[in-house]
Q: 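Submitted below is the structure of interest, expressed as structure tokens.
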Amino acid sequence: MVDVTSDVPAQAAAAAKPSARRYYVLGLLTIIYALNFLDRTIFNVLIEPIKKEFQLSDTMMGLLAGFGFALFYSLLGIPIARMADRLNRRNIVALAFAFWSAMTALCGMATSVTSLAVARIGVGIGESAGSPASQSIVADLFAKNERPRALGIYAIGTYLGVFLGYFVGGYVNQHYGWRMAFYVAGLPGILLAAVLWLTISEPKRGAMQETFTPEPLGPTLRFLASQQSFIIVLIGFCLTTYTNYATAAWIPPFLARVHHLSSAEIGTYAGTFKGLAGMAGTLLGGFVVAQVSRRDDRWKLWAPAITSGLAGPVFALCMLTQDFATMVAMLALTSFLVGFHLGPSFAIAQTVAKPSMRALASALIALTATCFGQGLGPLVVGMINDALRAGFGADAVRYSLLSAAVTTTVGALLFVWAARTIRTDIGRAAA
């Protein structure tokens with residue numbers, strides 16, 4: 001068993017001598033986070049065959065892709081995060097992982113839109129417990145200036161899952177049908193949950209801080225609400241997450257309807273140029289911000305603001321160009337630029353919160369953003385698709401996705417605003 005409960009070095013020693021044990025834990029949690037997004041993403045590449053089998057509208061597909069999942073994800077995330085601030089986080093992640101993996105497999109057994117919706121809700125319930133507890137574990141293994149890099153590595157799970165979801169969904173659907181794609185996505189997670197349970201232990205809580213004092217919910221929420229950078233980043237992250245989830249859900253139908261790709265081709269192009277480019281941006285964002293913010297903590301937000309601001313016009317070009325090669329290149333660049341901010345945003349939640357509040361801070365960031373981004377992104381684009389179809393036909397999805405270019409630009413402006421108070425807020429959290 002990998003023991004992460006033994007004496008944790010002081011922050012300086014930890015930074016100077018990276019431990020193989022903590023990187024094993026980080027790597028395993030990153031894989032689990034990737035499978036979290038695989039289980040979300042695979043539904044997106046299956047939108048067209050599911051819509052055809054159950055005779056559904058784009059609005060209904062948007063509800064299934066986002067709102068139903070996000071509603072229960074958000075409702076249960078906060079109470080589960082409070083449990084993670086007090087109970088064994090390893091156990092919470094392992095049990096939640098096994099549950100959402102099983103519910104993903106059950107999606108393949110759906111016989112009606114109702115049973116499919118119930119299974120999707122089950123996936124959301126399980127996934128609500130995974131990320132907050134995982135990020136809290138990572139924060140107790142890495143010091144403040146290491147967290148953007150560590151959580152940048154963790155955040156590549158987002159796009160690794162997107163990459164795998166598109167590839168697995170596209171290939172398996174074309175050759176074996178959409179039901180088999182859900183089985184392939186869900187069942188391996190149950191085995192990996194056992195690996196997590198058996199090979200890591202709960203780390204010492206607050207190990208990278210000099211003090212750790214558990215606090216009740218009321219004072220915790222009041223403290224986080226008083227951290228101005230936290231609140232502004234939360235709002236900005238909601239907007240950039242809208243971009244992520246809206247594009248994740250509707251890029252596959254866009255490629256099918258506008259560029260006439262097959263299921264396997266969609267998996268190849270979307271997985272490679274959205275998934276891998278996003279992974280590269282996320283990984284680079286964590287490493288770059290960890291370096292440039294050593295002298296000035298404001299770069300923790302200035303750097304993500306620059307890349308998120310550039311993503312808006314790049315994505316607009318991606319949607320409006322008629323040239324396939326240009327579209328693919330702009331899709332890759334958009335994914336790279338949007339992915340850059342994920343690790344630093346997660347790190348902000350862990351850094352401006354006290355150790356006893358980290359799981360809740362992470363949950364507030366992740367769950368609010370998921371409720372807004374995944375709840376509204378696929379649904380709003382689906383509704384606009386239905387509204388524009390009479391006038392634009394298959395091109396309706398091209399114009400409805402332009403809303404994602406606007407939200408990431410506004411999110412970038414909010415990151416700049418939040419940078420004004422980040423240094424003061426970090427000081428208050430460490431006091």
Side-chain angles (χ1 to χ4, degrees), residues 144-156 158-159 162 227-248 273-319 329-352 365 369 372-373 377 401-426:
K144 182 192 77 171
N145 287 330
E146 296 179 295
R147 282 182 205 138
R149 181 180 68 248
L151 286 167
I153 294 172
Y154 174 80
I156 69 172
T158 299
Y159 287 102
V162 170
Q227 297 286 73
Q228 185 176 344
S229 61
F230 176 81
I231 298 300
I232 299 172
V233 167
L234 187 151
I235 299 170
F237 194 54
C238 283
L239 294 171
T240 55
T241 302
Y242 175 102
T243 302
N244 262 331
Y245 283 116
T247 56
F273 295 101
K274 182 171 173 58
L276 289 185
M279 198 186 318
T282 302
L283 186 61
L284 185 63
F287 278 84
V288 168
V289 172
Q291 292 299 316
V292 300
S293 65
R294 290 184 180 275
R295 293 185 178 180
D296 191 334
D297 284 318
R298 289 176 293 184
W299 277 105
K300 288 179 169 66
L301 288 167
W302 283 342
I306 292 170
T307 55
S308 297
L310 291 172
V314 170
F315 185 63
L317 177 59
C318 176
M319 289 296 98
M330 294 302 100
L331 176 62
L333 183 55
T334 299
S335 298
F336 177 88
L337 293 170
V338 173
F340 192 95
H341 81 293
L342 291 178
S345 296
F346 291 160
I348 291 296
Q350 299 299 310
T351 302
V352 302
I365 288 281
F372 185 90
L401 275 169
L402 287 176
S403 60
V406 177
T407 55
T408 191
T409 303
V410 177
L413 296 175
L414 289 171
F415 292 152
V416 175
W417 184 16
R420 300 186 307 165
T421 60
I422 183 66
R423 292 181 294 185
T424 300
D425 291 342
I426 289 174

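Side-chain atoms are counted along with the backbone in the values below, which use heavy atoms only and exclude waters and symmetry mates.
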Q: If you take all heavy atoms of S403 and Y242, which pair is closest and at what distance?
A: OG-OH, 2.9 Å
Q: What closest approach, in Å, do A277 and A332 show between heavy atoms, and which atom pair accounts for it?
A: CB-O, 3.2 Å
Q: Do any pairs count as a salt bridge (charged side-chain N to carboxylate O under 4.0 Å, His left out) and have a residue in residues 402-421, sequence neighbours left out, and if so which ones?
A: none
Q: Take F237 and I348 through the test side chain to side chain contact (heavy atoms under 4.5 Å, CB included) and record every step on the way to the result.
A: CA-CA 11 Å; F237 194 54; I348 291 296; over 6 Å; no
Q: For D425 and S229, work out which heavy atoms get closest and say how close.
A: OD2-OG, 2.6 Å
Q: Looking at G339 and T282, what are the two nearest heavy atoms and their distance?
A: O-OG1, 3.0 Å
Q: Begin from the C-alpha positions of V292 and W302 and carry the test side chain to side chain contact (heavy atoms under 4.5 Å, CB included) through to its verdict.
A: CA-CA 10 Å; V292 300; W302 283 342; over 6 Å; no
Q: Enumerate the residue pairs fulfilling ring-ring contact (aromatic ring centres under 6.0 Å, His included) with a member in residues 403-426, sequence neighbours excluded, ordered by first and then second residue.
A: H341-F415
Q: Which atom pairs, one a donor and one an acceptor, fall under 3.5 Å between side chains of residues 309-317 and the rest of the protein, sequence neighbours left out?
A:
none

Q: Are the side chain of Q227 and the backbone of V352 linked by a donor-acceptor contact shorter than 3.5 Å?
A: yes
Q: Could you check whether any side-chain heavy atom of F336 comes within less than 4.5 Å of a side-chain heavy atom of L284, counting everything from C-beta outward?
A: yes
Q: When rounded to the nearest 0.5 angstrom, what distance separates CG in L337 from CE in M330?
A: 9.5 Å
Q: Would Y159 and N244 count as a side chain to side chain contact (heavy atoms under 4.5 Å, CB included) here? Give the steps.
A: CA-CA 10 Å; Y159 287 102; N244 262 331; 2.7 Å; yes
Q: Quick check: closest heavy atoms across V289 and A303, and the distance to 0.1 Å?
A: CG2-CB, 3.9 Å
Q: Please collect all salt bridge (charged side-chain N to carboxylate O under 4.0 Å, His left out) contacts where either partner lies in residues 299-309, sequence neighbours excluded, each pair once.
A: D297-K300
Q: Who pairs with T407 by side-chain hydrogen bond (donor to acceptor under 3.5 Å, both in side chains), at least two apart in sequence or on another chain?
A: T243
Q: In sequence, state the C-alpha distance, the side-chain angles, and the governing distance for M279 and L276, and then conclude on side chain to side chain contact (heavy atoms under 4.5 Å, CB included).
A: CA-CA 5 Å; M279 198 186 318; L276 289 185; 3.5 Å; yes
Q: Taking salt bridge (Lys or Arg N to Asp or Glu O under 4.0 Å) as the test, write out the residues that go with K274, two or more places apart.
A: none
Q: Please round to the nearest 0.5 Å and tell me the distance separating atom CZ of F230 and atom CD1 of I422.
A: 11.0 Å
Q: Rounded to the nearest 0.5 Å, how far does OG1 of T240 lie from CD1 of I235?
A: 12.0 Å
Q: Any non-hydrogen side-chain atom of L239 less than 4.5 Å from a side-chain atom of T408?
A: no
Q: How far apart are the closest heavy atoms of G285 and P344, and which atoms are they?
A: O-CG, 4.0 Å
Q: Answer yes or no: is there a side-chain heavy-atom contact under 4.5 Å between I306 and W299?
A: yes
Q: Measure the spacing between OG1 of T421 and CG of L301 and express it to the nearest 0.5 Å.
A: 8.5 Å
